[in-house]
*Asks:* 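I am attaching a structure below and will ask some questions about it afterwards.
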Amino acid sequence: MPGEIVATELLSCSYREGRVLEDISFRVERGDYVGIVGPNGSGKSTLIKALLSLVTIGTGSATLFGTPLSDFRDWYKVGYLPQSLHLVNPVFPATVRETVGLGLLSLKRFPKRLNRADNDKIGTILEELGISGLEHKLIGELSGGQLQRVLLARAIVNDPELLVLDEPTAALDPETRDRFYAMIADINRSRGVTVLLVTHDSGAIGEYASRMLYLDKKILFYGSFDEFCCSPEMSSLFGEHSQHLMCHRH
Amino acid sequence: MNLLEILSYGFIQRALLAGTLIALLCSVLGVFLVLRRLSLIGDGLAHVTFGSTAIALALKFYSAMSLLVTMPIVLLASLGILKLTEKGRLSGDAAIGLVSALGISAGIILASVGGGYNVDLLSYLFGNILSIRSEEVVIAALLCLGVMLLVTLYYHELFAISFSDELAKVSGIRTSFINSILVLLTALSVVLAMKLVGIMLISSLLIVPAAGALQLARGFKVCIILAALQGCSSVIIGIIISIMSNLPASASIVMVNLLFFAAACVTRRIIYPKNSN
């Protein structure tokens, strides 16, 4: 299907400790903003890592842009923002500009070189995200919120069609977190970028995402936030009071 | 003996030239290794070189000819470390320790079977840059050229895997291939550097220039340039001090390198007091 960005069919993944994902089947259409939520250990991060070929799929299948994962080579269409605190070595000597430039490598052929147009592109994205003043800072010198923006700039500098974010707000205070979600929503709307965002905060993401995928090794719910809030299955899972607390912001 | 007189000797010119080339290789590769947390790979591969040198000497391959035996073995060992890390459920340091133990024990057994340690084998323990031959200088120059060419061609890929393997993969970079290039180039450099500083001190050529550069560098390229400058300067100054003071060259080189590192730490405290902790 032309509008289908991500599709999985009965996808399962296992680690040594046992099965992490079971029979996951869902589809993400172009322009969707999908919040993937669920409790700790529910397989949220494993699901997106499986979709990015970072962990091996046990059984079932997955496609990106209609291409089976094993044959997928168009990585320039994908932007990825991992949990930054796990990622960044605080003594890594890269400047913000150099770090953002790494996002352009997926567009380059061997030998990969950045030219003047690429440098202009980096300058533009830094400006768009309000971090142009940081370009000569080392990444180890940034605050959590600044680092998150820099890694977001790295993820979108190549104009991806799909943006995948793994708990991007885990280390941020609530105010910075909400600003970050709003920024992603703006990228989704203004650039038409499809977004898959993993978070444990179903209440906050519901305010911005067009669809929610509630995961606990299996998919327990996949639909809009309004449907999530009205879902009797979710009421029986969380209890009506907890469900109301999650949904009251919306 | 004054400096000009020292520099007029052929063996010193060869030592300075080969030493500078090897230091350049080691310090550039060291930046990637330190940031990939593979700092001790030099130690591990040096131990394997010791074992493979024992094999070479047992087979009557001496001097530059011994490289024909040591190079393939050390190259295979470097890939072994990588595979153990990737597939063997071992962390990088454990994989290095495993291969290192295999290398050194094989060397000891072979040396013992072959009638004990001889002078050639012992020279690999502490290095002897002043005995370097013309053909070894040529090999160092060719290898330096090859390694620097590959590092230049794959600079961004090496930068990306040093930053994050995961992000590099999602950027479409063949991380296994680039990691293999990095450890193979390191293995080649270690075999050559053995002659310079020996097994005992080889990792200092890889680690100390990178560690010094990390104190001051503001940018990845700058870090590589600073590491190369520190590595090359240490070798030149170390060799000259060793001749003028009649001290062992390998230890002098390492001590100068460590002094540069200490100076970089102090300079960092002065220039960037907020970021010094």
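Worth saying up front: this structure is predicted, and the values here are computed from it rather than measured. The chains referred to below are lettered A, B, ... by the order of the sequence lines, with proteins before strands, and numbering in each begins at 1.
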*Asks:* For A/K49, which atoms come within 4.5 Å of any heavy atom of chain B: side chain, backbone, both, or neither?
*Replies:*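 For A/K49, the contact with chain B is made by the side chain alone.
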*Asks:* Got a sec: does the CZ of B/R174 have more than 12 other heavy atoms crowding it under 6.0 Å?
*Replies:*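 No, CZ of B/R174 has 12 or fewer neighbouring heavy atoms, counting only those of other groups under 6.0 Å.
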*Asks:* Would you please test B/R218 and A/E98 for salt bridge (Lys or Arg N to Asp or Glu O under 4.0 Å) and show each step?
*Replies:* CA-CA 11 Å; B/R218 297 194 65 79; A/E98 284 177 320; over 6 Å; no
*Asks:* Does atom CZ of B/R37 have more than 12 heavy-atom neighbours, drawn from other residues, nucleotides or ligands, at distances under 6.0 Å?
*Replies:* no
*Asks:* Answer yes or no: does atom NZ of A/K217 have more than 12 heavy-atom neighbours from other residues, nucleotides or ligands under 6.0 Å?
*Replies:*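 No, because the 6.0 Å sphere around NZ of A/K217 holds 12 heavy atoms or fewer from other groups.
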*Asks:* Can you tell which part of A/I139 gets under 4.5 Å to a heavy atom of chain B, answering side chain, backbone, both or neither?
*Replies:*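 Only the side chain of A/I139 comes within 4.5 Å of chain B.
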*Asks:* A/F110 versus chain B, heavy atoms under 4.5 Å apart: side chain, backbone, both or neither?
*Replies:* side chain
*Asks:* So how far is it from A/L138 CG to B/Y272 OH, rounded to the nearest 0.5 Å?
*Replies:*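 Here the interatomic distance stands at 7.5 Å.
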*Asks:* Measure A/L102 against the heavy atoms of chain B and call it side chain, backbone, both or neither at under 4.5 Å.
*Replies:*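 It is both, since atoms from each part get that close.
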*Asks:* Under 4.5 Å heavy-atom distance to chain B, tell me which part of A/R154 shows up: side chain, backbone, both or neither.
*Replies:*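 The side chain, not the backbone.
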*Asks:* Identify which of A/L114, A/D74, A/L52, A/L54 forms the greatest number of heavy-atom pairs closer than 4.5 Å to chain B.
*Replies:*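 Ranked by contacts with chain B, first place is A/L54.
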*Asks:* For a quick test of reading the model, state the closest non-hydrogen atom pair linking A/T95 to B/G219 and the distance between them.
*Replies:*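 Distance-wise, the nearest heavy atoms are CG2-CA, 3.8 Å.
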*Asks:* Taking 4.5 Å as the heavy-atom cut-off, does anything in residues 147-172 of chain B contact chain A, and if so which residues?
*Replies:* B/T152, B/L153, B/Y154, B/Y155, B/H156, B/E157, B/F159, B/A160, B/S162, B/F163, B/S164, B/E166, B/L167, B/K169, B/V170, B/S171, B/G172
*Asks:* How long is the span from the CD1 atom in B/I173 to the CH2 atom in A/W75, to the nearest 0.5 Å?
*Replies:*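 Going from the CD1 atom of B/I173 to the CH2 atom of A/W75 covers 12.5 Å.
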*Asks:* For the CE atom on B/M71, are there more than 12 heavy atoms of other groups (residues, nucleotides or ligands in this structure) within a distance under 6.0 Å?
*Replies:* yes
